[in-house]
Amino acid sequence: MTVTLKNGVLDPQGKAIEGALGSLGFSGVGHVRQGKVFDIEVDGADKAKAEADLKDMCEKLLANTVIENYAISLD
């Protein structure tokens with residue numbers, strides 16, 4: 001799953017990365033937003049339950065839903 005800041009929420013780390021890329025000579029880099037990726041292995045064959053459990057994990061711990069969005073991808 002991927003957790004990113006919602007639009008409109010300040011991202012100082014993304015701004016620092018943007019500046020550092022420019023300082024390293026990478027031109028044409030626009031707006032940078034930083035996020036986090038969680039690679040979680042869930043036992044079981046029931047994809048619907050796995051997705052529901054992952055959503056619950058995000059809502060309760062992994063994402064601050066006031067300022068962050070999350071996206072779940074099952075492979």
Asks: Quick one: CG on Leu21 to OG on Ser27, what's the gap to the nearest 0.5 Å?
Replies: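 Between atom CG of Leu21 and atom OG of Ser27 there are 11.0 Å.
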Asks: Consider only side-chain heavy atoms of I, L, V, M, F, W and Y, link residues closer than 4.5 Å, and tell whether Val3 and Met57 are in one cluster.
Replies: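 As far as the 4.5 Å side-chain criterion goes, Met57 and Val3 are connected within one cluster.
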Asks: Check the surroundings of atom CG in Asn7: do more than 12 heavy atoms from other residues, nucleotides or ligands lie under 6.0 Å from it?
Replies: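 No, the 6.0 Å shell around CG holds no more than 12 heavy atoms from other groups.
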Asks: Using atom types as modelled and distance alone, determine if a side-chain donor or acceptor of Glu59 lies under 3.5 Å from a backbone N or O of Lys55.
Replies: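 Such a contact is absent between Glu59 side chain and Lys55 backbone.
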Asks: Taking all non-hydrogen atoms of both residues into account, name the closest pair between Leu54 and Val42 and its distance.
Replies: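 In terms of heavy atoms, the two residues are closest at CD2-CG2, 4.0 Å.
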Asks: Are Val37 and Ile40 grouped together when hydrophobic residues (ILVMFWY) are joined by side-chain heavy atoms under 4.5 angstrom apart?
Replies: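 Different clusters.
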Asks: Output the distance between atom CG (Leu5) and atom NZ (Lys36), rounded to the nearest 0.5 Å.
Replies: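 With rounding to 0.5 Å, CG (Leu5) is 8.5 Å from NZ (Lys36).
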Asks: So, Asp11 and Lys15, do they make that salt bridge, N to O below 4.0 Å?
Replies: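 So Asp11 does not pair with Lys15 through a salt bridge.
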Asks: As an exercise, state the distance from OG1 of Thr65 to NZ of Lys60, rounded to the nearest 0.5 Å.
Replies: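 Between Thr65 OG1 and Lys60 NZ, I get 12.5 Å after rounding to 0.5 Å.
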Asks: I need the minimum non-hydrogen distance between Ser73 and Asp75, along with the two atoms involved.
Replies: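 Shortest heavy-atom separation between Ser73 and Asp75 comes out as OG-OD1, 3.7 Å.
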Asks: Return the minimal non-hydrogen interatomic distance between Lys6 and Arg33, and the atom names on each side.
Replies: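 Looking at all heavy atoms of both residues, the closest pair is O-NH2, 2.8 Å.
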Asks: Identify whether Tyr70 and Leu74 are in the same connected component of the hydrophobic contact network (ILVMFWY, side-chain heavy atoms under 4.5 Å).
Replies: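 Cluster IDs for Tyr70 and Leu74 match.
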Asks: Mark yes when over 12 heavy atoms from residues, nucleotides or ligands other than Lys49 sit less than 6.0 Å from its NZ; otherwise mark no.
Replies: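 Not more than 12 within 6.0 Å, no.
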Asks: Test side-chain contact (heavy atoms from CB on, under 4.5 Å) on Met1 and Ile72 and set out the steps.
Replies: CA-CA 4 Å; Met1 80 192 62; Ile72 296 170; 4.2 Å; yes
Asks: Working to the nearest 0.5 Å, report the span between CG of Leu61 and CG of Asn64.
Replies: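 Rounded to the nearest 0.5 Å, the CG-CG separation comes to 11.0 Å.
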Asks: In terms of hydrophobic clustering (I, L, V, M, F, W, Y; side-chain heavy atoms under 4.5 Å; direct or indirect links), are Phe26 and Val32 co-clustered?
Replies: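 Linked, Phe26 and Val32 end up in one cluster.
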